[in-house]
Amino acid sequence: MGKIIFNGEIKSRTDVKVDIEDRGYQFGDGVYEVIRVYNGELFAGDMHLNRLMDSAKLIQMKVPFTVAEIETRVKELISEDQLQEGIIYMQLTRGVSPRTHAFPTSDVEPVFVAYTKEIPYAGRLKPGAKGITTDDIRWLRCNIKSLNLLGNIMAKQVAVEAGCDEAIQHRDGLVTEGSSSNVSIVVDGTLKTHPASNLILNGITRQVMLKLCADHDIPYVEEAFTIEEMMAAEEVLYTSTSVEITPIITIDGQKIAAGAPGPVTERLQQLFADEIERQCGSVK
Ligand SMILES: *Cc1c(COP(=O)(O)O)cnc(C)c1O
């Protein structure tokens, strides 16, 4: 631990200082990614790095590195830090420039930062989580993994103050996603999740899960669902790089079905664990 990628170079964390006029610091003007590392290997690394590029493009930020260059540096960082199980956090801001809302001139280079954090592998089956519904107060470009996370932070705080694990956001009763995760339900054996639109962040875990559904004949539809449908569903689950695929067994204090993880979720957790092993080797 303790190393950091700063603009393409690996440095000691204590040698890097953030400029007070970094646009990420002043405006949240930037984008980020979190990539899981299992067994010292990146899980779905290409998908995450391509999404970082897509997010940058959507905010009209020119990235001075290629996906391959970032990947090379990130792998060096994993090896320097001897990271086995954990995550890599990375962000790109629109650079350092005197404070003014409009984009800086084109000679101002984005600032790239990445570092690792150890997280033990939770095992294949995760215990059921508690959810709470809350209004989705965010902007209309939720498909960008932006550093502007105030709406998400406010939602997560609602969950924490209620002793819950995740906030389930909705717009006028239609569920969008969690504060930092995607939400799916199971109705009549079919998995249902919000379509990848401007109203959600299209999670890599969500995409991997849908591919697993397709490959293993688990029926699914990408359709928005209401809070009522969710409360009456057979199963509710949420997905992200950190929680992988985790059942939600109570929402707003009410049990979902019998209040225990359901068979579709458990099957997906098993398939996801197999996918981790396929990509990264067996996790101790
Ligand atoms: C990152 C994130 C997710 C989950 O995406 P993964 O790629 O699966 O980690 C879902 N919703 C929001 C708002 C996010 O920021």
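Predicted model, so just to flag it, every value in this text is computed and none were measured. Remember, it's 1-based here, ligands and their atoms both numbered in the order they're listed. Just so you know, these numbers use all the heavy atoms, side chains as well, and skip hydrogens, waters and symmetry mates.
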**Asked** Under 4.0 Å between a Lys/Arg side-chain N and an Asp/Glu carboxylate O for E69 and R73?
**Response** no
**Asked** For S184 and T193, does a side-chain donor sit closer than 3.5 Å to a side-chain acceptor?
**Response** yes
**Asked** Based purely on interatomic distance, does T241 place a nitrogen or oxygen under 3.5 Å from a nitrogen or oxygen of ligand 1?
**Response** yes
**R94 charged N/C atom sitting above F27 aromatic ring, 6.0 Å / 45°** = no
**Message:** Are more than 12 heavy atoms, taken from residues, nucleotides or ligands other than M231, located less than 6.0 Å from that residue's CE atom?
**Reply:** yes
**Message:** If the cut-off is 4.0 Å to any non-hydrogen atom of H48, which atoms of ligand 1 fall inside it?
**Reply:** 7 (O)
**Prompt:** Does ligand 1 have an atom that lies less than 4.0 angstrom from a heavy atom of V34?
**Reply:** no
**Asked** Can a salt bridge be assigned to the pair D136 and R171 using a cut-off of 4.0 Å between side-chain N and carboxylate O?
**Response** yes
**Prompt:** What pairs with K145 under salt bridge (charged side-chain N to carboxylate O under 4.0 Å, His left out), at least two apart in sequence or on another chain?
**Reply:** none
**Asked** What protein heavy atom sits nearest atom 5 (O) of ligand 1, and how far away is it?
**Response** G203 CA, 3.3 Å
**Asked** Heavy-atom distance to atom 2 (C) of ligand 1: which of K145, E177, M47 wins?
**Response** K145
**K192/E235 salt bridge by N-O under 4.0 Å criterion** = no
**Prompt:** Between E244 and R36, is the closest basic N to carboxylate O distance under 4.0 Å?
**Reply:** yes
**Request:** May I ask you to check whether T205 has an N/O atom sitting below 3.5 Å from an N/O atom of ligand 1?
**Result:** yes
**Prompt:** Does ligand 1 have any atom that is closer than 4.0 Å to a heavy atom of Y32?
**Reply:** yes
**Prompt:** Backbone, side chain, both or neither: what part of S179 comes under 4.0 angstrom of ligand 1, heavy atoms only?
**Reply:** backbone
**Proximity flag Q207 to ligand 1, non-hydrogen atoms under 4.0 Å** = no
**Asked** Can you check whether R51 has an N/O within less than 3.5 Å of an N/O in ligand 1?
**Response** yes
**Message:** If the contact criterion is a heavy-atom separation under 4.0 Å, does A44 count as touching ligand 1?
**Reply:** no
**Item:** D188 and T190 side chains, donor-acceptor separation under 3.5 Å
**Value:** no
**Contact partition for N152 relative to ligand 1, non-hydrogen atoms under 4.0 Å** = side chain
**Item:** Polar contact flag for I204 and ligand 1 (N/O pairs, less than 3.5 Å)
**Value:** yes
